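To keep things clear, I will list the structure first and then write my remarks on it.
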Amino acid sequence: MSDRTTSDRTASGRTTSSPTTSSPTTNRPTTSRPSTSRPSTEDRLLPGSGPLDLNQLRTFLAVHRAGSFTAAAHLLGLSQSTVTAQIRTLEQRLGRELFERRARGVSPLPYADDLAARLAVPLDQLAGLADGRGGGVPEPVHLAGPAEFLGTVLLAELAPLVAEGVRLRVTGGLTDPLLEELRAGRHDLVIATRRPRGRTLLSEPLADEEFVLVAAPAWADRLAGRDLPEALAEVPLLSYAEDLPIARRYWRHVFDRRLHARAALTVPDLRAVLAAVTAGAGWSVLPGYLCRAELASGALRLLHEPADPPINTAYLVRRPAGSANPHVALVREHLLAAARAC
């Protein structure tokens with residue numbers, strides 16, 4: 001390697017020298033050109049560097065299945081702020097938005113559906129190994145709905161599944177709070193007396209329940225031949241709630257008028273109302289499925305047989321993303337099949 005000197009003349013006429021290093025003509029280091037090959041599918045789906053955080057992936061899968069950050073937090077035993085932060089970090093890591101935030105819950109975007117499909121089996125297997133299940137025995141199915149409908153109709157339909165090893169955890173309650181608990185991840189399936197609004201829950205018609213106006217034979221004999229509904233003012237009204245929701249609906253639908261009456265007895269259990277009516281305490285409007293046996297035996301009598309009785313539809317409701325528990329799908333399919341057979 002050689003050095004040469006170049007001279008520069010300054011403004012004062014003096015000459016200054018500065019060394020200049022010549023460029024080597026041999027042994028020039030080579031630089032690798034960037035690869036022109038296209039990245040693999042995995043690289044395109046996961047644009048960041050390094051492995052993904054397993055806890056963030058578990059949280060993502062829980063949110064995808066539950067349909068909301070709140071429900072996922074309940075399932076994971078985390079705070080909602082922790083779930084939100086983990087999803088935000090994962091989105092930044094992936095360079096993609098995973099969920100569309102809505103007023104009630106979240107809706108997965110197409111990329112999130114793809115990612116969840118890839119993660120579900122390995123994460124579920126890992127969870128089974130971690131808690132000692134080894135993926136062998138599915139968790140119980142959490143089913144909720146009106147206690148009377150569950151006890152009178154659905155549990156009999158599900159008896160064969162229980163005999164085959166399906167485990168159930170059944171909760172009774174009113175539709176509105178049960179739907180909120182479903183969104184929060186406390187139930188897998190809910191029987192609702194109305195179709196839920198919005199897109200955070202999926203619902204399917206399950207059964208139609210017909211309402212009937214009934215009383216014990218003694219009251220039916222006293223009312224025979226008299227004008228209805230006026231004659232009922234002399235008979236005690238029995239209801240499961242103070243605002244008489246079923247009776248008011250029957251009055252509007254059948255008699256085309258408002259019901260102006262006060263209940264003599266309220267008890268928040270339609271089975272108890274049925275018992276009181278059968279014992280002769282007064283009249284009530286009840287679901288037909290609940291008093292079918294009493295009507296058949298003569299323990300109760302129909303007070304009115306309208307050509308178009310009021311009907312209410314029960315819905316089977318679930319979260320959109322479904323459940324990793326295969327028995328949830330088994331219970332749902334069994335109930336829908338039984339409904340179609342009726």
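Owing to the predicted nature of the structure, the values given are computational and were not obtained by experimental measurement.
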For the pair [X] (side chain) and [Y] (backbone), establish whether a donor and an acceptor sit closer than 3.5 Å, ignoring hydrogens and angles.
X    : Y    : answer
R65  : F60  : no
R248 : R258 : no
H334 : E157 : yes
R318 : V190 : no

Distance check, rounded to the nearest 0.5 Å: [X] atom [atom1] versus [Y] atom [atom2]?
X    : Y    : atom1 : atom2 : answer
I246 : S284 : CD1   : OG    : 7.0 Å
L295 : L300 : CG    : CG    : 5.5 Å
L161 : R167 : CG    : CZ    : 14.5 Å
L52  : L94  : CG    : CG    : 5.5 Å
R195 : L202 : CZ    : CG    : 10.5 Å
H142 : H187 : NE2   : NE2   : 9.5 Å

Quick one: closest heavy-atom pair of [X] and [Y], and the distance?
X    : Y    : value
A314 : I191 : CB-CG2, 4.2 Å
L182 : L189 : CD1-N, 4.3 Å
P245 : A241 : CD-CB, 3.9 Å
G280 : W219 : O-NE1, 2.9 Å
A263 : T266 : CB-CG2, 3.6 Å
E139 : N325 : O-ND2, 2.6 Å

In the hydrophobic clustering that connects Ile, Leu, Val, Met, Phe, Trp and Tyr at side-chain heavy-atom distances below 4.5 Å, which members other than L109 occupy its cluster, ordered by chain and number?
none

Quick one: which residue pairs count as a salt bridge (charged side-chain N to carboxylate O under 4.0 Å, His left out) with a foot in residues 274-289, not counting sequence neighbours?
none

If you look only at pairs with a residue in residues 287-312, which of them pass as a salt bridge (charged side-chain N to carboxylate O under 4.0 Å, His left out), with sequence neighbours excluded?
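Non-adjacent pairs meeting salt bridge (charged side-chain N to carboxylate O under 4.0 Å, His left out): D221-R301.
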
Could you list the donor-acceptor pairs under 3.5 angstrom formed between side-chain atoms of residues 68-76 and any protein atom two or more places apart in sequence or on another chain?
residue	atom	partner	partner atom	Å
S68	OG	A71	N	2.9
S68	OG	R183	O	3.3
T70	OG1	Q80	OE1	3.0

Using the side chain to side chain contact (heavy atoms under 4.5 Å, CB included) criterion, which residues pair with [X]? Sequence neighbours excluded.
X    : answer
Q92  : R88
A261 : L237, L259
V153 : F149, Y289
S79  : S81, T82

I'd like a table of donor-acceptor pairs (distance under 3.5 Å, sequence neighbours excluded) in which one partner is a side-chain atom from residues 205-217, with atom names and distances.
residue	atom	partner	partner atom	Å
D208	OD1	T313	OG1	2.7
E209	OE2	N312	ND2	3.2

Can you hop from [X] to [Y] via hydrophobic side chains spaced under 4.5 Å?
X    : Y    : result
L238 : L290 : yes
L270 : L302 : yes
L158 : L178 : no
L286 : L228 : yes
L336 : L150 : yes

Test of understanding: with ring-ring contact (aromatic ring centres under 6.0 Å, His included), list the residues that count as partners of H304, not counting sequence neighbours.
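Per chain and number, H304 pairs via ring-ring contact (aromatic ring centres under 6.0 Å, His included) with F255.
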
Among all residues two or more places apart in sequence or in another chain, which pass the ring-ring contact (aromatic ring centres under 6.0 Å, His included) test with Y240?
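If we apply the ring-ring contact (aromatic ring centres under 6.0 Å, His included) test to Y240, skipping adjacent residues, there are no hits.
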
Pairing of E204 and R332 as salt bridge, 4.0 angstrom limit:
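A salt bridge links E204 with R332.
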
Less than 4.0 Å between a side-chain N and a carboxylate O, is that true for E91 and R101?
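A salt bridge links R101 with E91.
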
Would H64 and D113 count as a side-chain hydrogen bond (donor to acceptor under 3.5 Å, both in side chains) here? Give the steps.
CA-CA 8 Å; H64 187 272; D113 289 332; 2.7 Å; yes

Flag if over 12 foreign heavy atoms under 6.0 Å of CZ, R222:
no

Please check if atom CG in D256 has more than 12 non-hydrogen atoms from other residues, nucleotides or ligands closer than 6.0 Å.
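Incorrect, the count does not exceed 12.
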
Return each pair, listed once, that meets side-chain hydrogen bond (donor to acceptor under 3.5 Å, both in side chains) where at least one residue sits in residues 229-239; pairs must be two or more places apart or across chains.
R226-E234, E230-R257

Qualifying residue, where the test is side chain to side chain contact (heavy atoms under 4.5 Å, CB included) with L90 and the options are T59, V63, L57, D53:
L57

